[in-house]
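Everything quoted here is computed from the prediction, not taken from an experiment. Scope of the values below: all heavy atoms of this structure, side chains included, with no hydrogens, waters or symmetry mates. Chain letters run A, B, ... following the sequence lines, proteins first and then strands; every chain starts at 1.
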Number of protein chains: 2
Amino acid sequence: MIEADLFRVLADPTRRAVFERLVGREMSVSELKAGFEISQPAVSQHLAALRAAGLVRERREGRFAYYSADPQALTPLVDWVDRYRTFWPERIERLKDVLKRMDR
Amino acid sequence: MIEADLFRVLADPTRRAVFERLVGREMSVSELKAGFEISQPAVSQHLAALRAAGLVRERREGRFAYYSADPQALTPLVDWVDRYRTFWPERIERLKDVLKRMDR
DNA sequence: GACTCGCATAAGCACGTGCTTATGTATCGC
DNA sequence: GCGATACATAAGCACGTGCTTATGCGAGTC
């Protein structure tokens with residue numbers, strides 16, 4: 001998966017929200033659907049797109065399909081941004097902030 | 001400009017290529033057009049979209065319009081990714097590599 | 001087996017998007 | 001002023017996208 005498709009898949013706000021809800025917490029489709037005001041097929045379609053981009057994993061268990069986010073799939077996106085993000089001092093300051101927050 | 005529009009604007013490959021060409025080097029529209037096999041209006045339309053997202057700046061000089069990229073506009077995108085990119089060890093290793101390359 | 005349940009897929013539709021050609025609007029050279 | 005140049009904007013079109021409802025399909029329940 002190249003960054004081209006990542007940008008496209010993440011461009012839709014609903015799909016991005018679906019991804020965000022799946023970060024750190026595995027959810028079944030119906031549980032996930034509860035958070036949105038769209039139909040179940042719409043949720044499944046977003047999940048299929050996210051899955052094609054490698055952004056979510058699927059785990060089948062009986063009738064249920066459990067999905068979880070794979071943030072590592074964002075790496076190509078980070079790589080692309082890194083190529084064009086100058087202003088490294090600010091960047092490093094930002095990173096320090098994040099690390100500081102993680103220490104707490 | 002929020003990350004929503006950044007993703008959408010960067011989702012188009014041609015538009016992303018336009019942005020990439022303008023990083024570090026200011027160019028006029030016609031000079032920019034020379035690198036693509038699309039019409040001049042198409043280039044102008046991409047530039048307008050990039051400008052609305054704050055990704056490029058415009059400088060008028062007589063008949064000419066010079067455009068240049070503003071990579072700092074990518075910050076909201078980086079912020080968004082930072083919220084969901086776990087796997088910090090790898091991330092820091094990557095950053096170290098970049099810094100090492102910058103020292104040379 | 002018959003009926004749910006959880007989810008995926010199909011088909012259709014409204015709307016967005018990226019391109020084209022045509023045209024408008026300054027600015028320059030003469 | 002007049003034509004050419006550089007670019008932007010308008011209008012139209014083909015295609016993509018995200019949604020809906022309808023349907024399919026395997027897994028569970030009885």
Side-chain angles (χ1 to χ4, degrees), chain A residues 1-22 25-70 73 77, chain B residues 1-22 25-70 73 77:
Chain A
M1 181 64 44
I2 49 181
E3 85 268 353
D5 305 280
L6 279 179
F7 277 114
R8 189 179 44 75
V9 167
L10 292 172
D12 182 69
T14 304
R15 194 153 47 223
R16 209 164 47 248
V18 167
F19 173 78
E20 296 181 23
R21 284 204 72 191
L22 293 175
R25 173 139 180 274
E26 191 183 60
M27 293 175 69
S28 71
V29 176
S30 46
E31 186 184 359
L32 184 59
K33 185 206 169 300
F36 298 94
E37 296 201 342
I38 55 177
S39 65
Q40 170 265 315
V43 174
S44 284
Q45 284 160 20
H46 283 307
L47 287 169
L50 289 166
R51 201 158 87 91
L55 286 164
V56 301
R57 301 184 223 86
E58 189 197 20
R59 184 174 65 83
R60 309 294 305 218
E61 190 171 334
R63 294 183 286 182
F64 297 85
Y66 295 100
Y67 284 88
S68 58
D70 182 6
L77 213 157
Chain B
M1 182 64 42
I2 48 181
E3 86 267 354
D5 305 281
L6 280 178
F7 276 115
R8 187 180 44 76
V9 167
L10 292 172
D12 182 69
T14 305
R15 194 153 48 224
R16 209 164 47 248
V18 168
F19 173 78
E20 295 181 23
R21 283 203 73 192
L22 292 175
R25 172 138 180 274
E26 190 185 60
M27 293 176 69
S28 71
V29 176
S30 47
E31 187 184 359
L32 184 59
K33 182 205 170 305
F36 298 95
E37 297 201 340
I38 55 177
S39 65
Q40 171 265 313
V43 175
S44 285
Q45 286 161 19
H46 283 308
L47 288 169
L50 289 166
R51 201 159 88 91
L55 286 164
V56 300
R57 300 183 222 87
E58 189 196 21
R59 182 175 65 84
R60 309 295 304 217
E61 190 171 332
R63 293 182 287 183
F64 297 85
Y66 295 99
Y67 285 87
S68 58
D70 183 6
L77 214 156

_Tell me the interatomic distance from A:Arg63, atom CZ, to D:dG24, atom C1', rounded to whole angstroms._
16 Å
*Those residues that, when tested against B:Ser30, pass side-chain hydrogen bond (donor to acceptor under 3.5 Å, both in side chains) (two or more places apart)*: B:Ser28
*Do A:Arg25 and A:Met27 come within less than 4.5 Å of each other through their side chains, counting heavy atoms only?*
yes
_My understanding is that only residues two or more places apart in sequence, or in another chain, count here; which of them pass side-chain contact (heavy atoms from CB on, under 4.5 Å) with B:Glu58?_
B:Arg51, B:Arg60, B:Ala65, B:Tyr67
*For A:Arg59, check side-chain hydrogen bond (donor to acceptor under 3.5 Å, both in side chains) against everything at least two apart and list the hits.*
A:Glu26, A:Glu61
*asked:* So A:Leu77 and B:Phe7, do their side chains get closer than 4.5 Å, heavy atoms only?
replied: yes
_Do B:Leu6 and B:Leu55 have side chains that approach each other closer than 4.5 Å (heavy atoms only, starting at C-beta)?_
yes
*Length of the CZ-P vector between A:Arg60 and D:dG26, whole Å*: 11 Å
_Restricting to side-chain hydrogen bond (donor to acceptor under 3.5 Å, both in side chains), what partner residues turn up for B:Arg63, sequence neighbours left out?_
none
_Close approaches to DNA chain C from residues 37-46 of chain B, in residue order (heavy atom, under 4.0 Å)_ = B:Ile38, B:Ser39, B:Pro41, B:Ala42, B:Gln45, B:His46
_Contacts of type side-chain contact (heavy atoms from CB on, under 4.5 Å), residue B:Glu37, not counting sequence neighbours_ = none
*Could you check which residues of residues 26-36 of chain B get a heavy atom under 4.0 Å from DNA chain C? Sort them by number, please.*
none
*Within the distance-only criterion (no hydrogens, no angle test), does the side chain of B:Arg15 pair as donor or acceptor with the backbone N or O of B:Val9 below 3.5 angstrom?*
yes
*Check every nucleotide of DNA chain C for an atom under 4.0 Å from a heavy-atom of chain B, then give the first and the last such nucleotide from 5' to 3'.*
C:dT17 to C:dC28
*Provide the full list of salt bridge (Lys or Arg N to Asp or Glu O under 4.0 Å) pairs with a residue in residues 38-47 of chain A, sequence neighbours left out, each pair given once.*
none
*To 10°, what angle do the rotation axes through the five end pairs on each side of the helix from C:dG1-D:dC30 to C:dC30-D:dG1 form?*
20°
*Going through the checks in order, is the side-chain contact (heavy atoms from CB on, under 4.5 Å) test met by A:Leu50 and A:Val18?*
CA-CA 9 Å; A:Leu50 289 166; A:Val18 167; 3.7 Å; yes
*Which is true for B:Tyr66 with a 4.0 Å heavy-atom rule: it touches a base, it touches only sugar-phosphate, or it touches nothing?*
nothing
*Among pairs that include at least one residue of residues 38-47 of chain B, which meet salt bridge (Lys or Arg N to Asp or Glu O under 4.0 Å), considering only residues two or more places apart or in two chains?*
none
*Under the side-chain contact (heavy atoms from CB on, under 4.5 Å) test, which residues partner B:Thr14, sequence neighbours left out?*
B:Asp12, B:Phe36, B:Ile38, B:His46
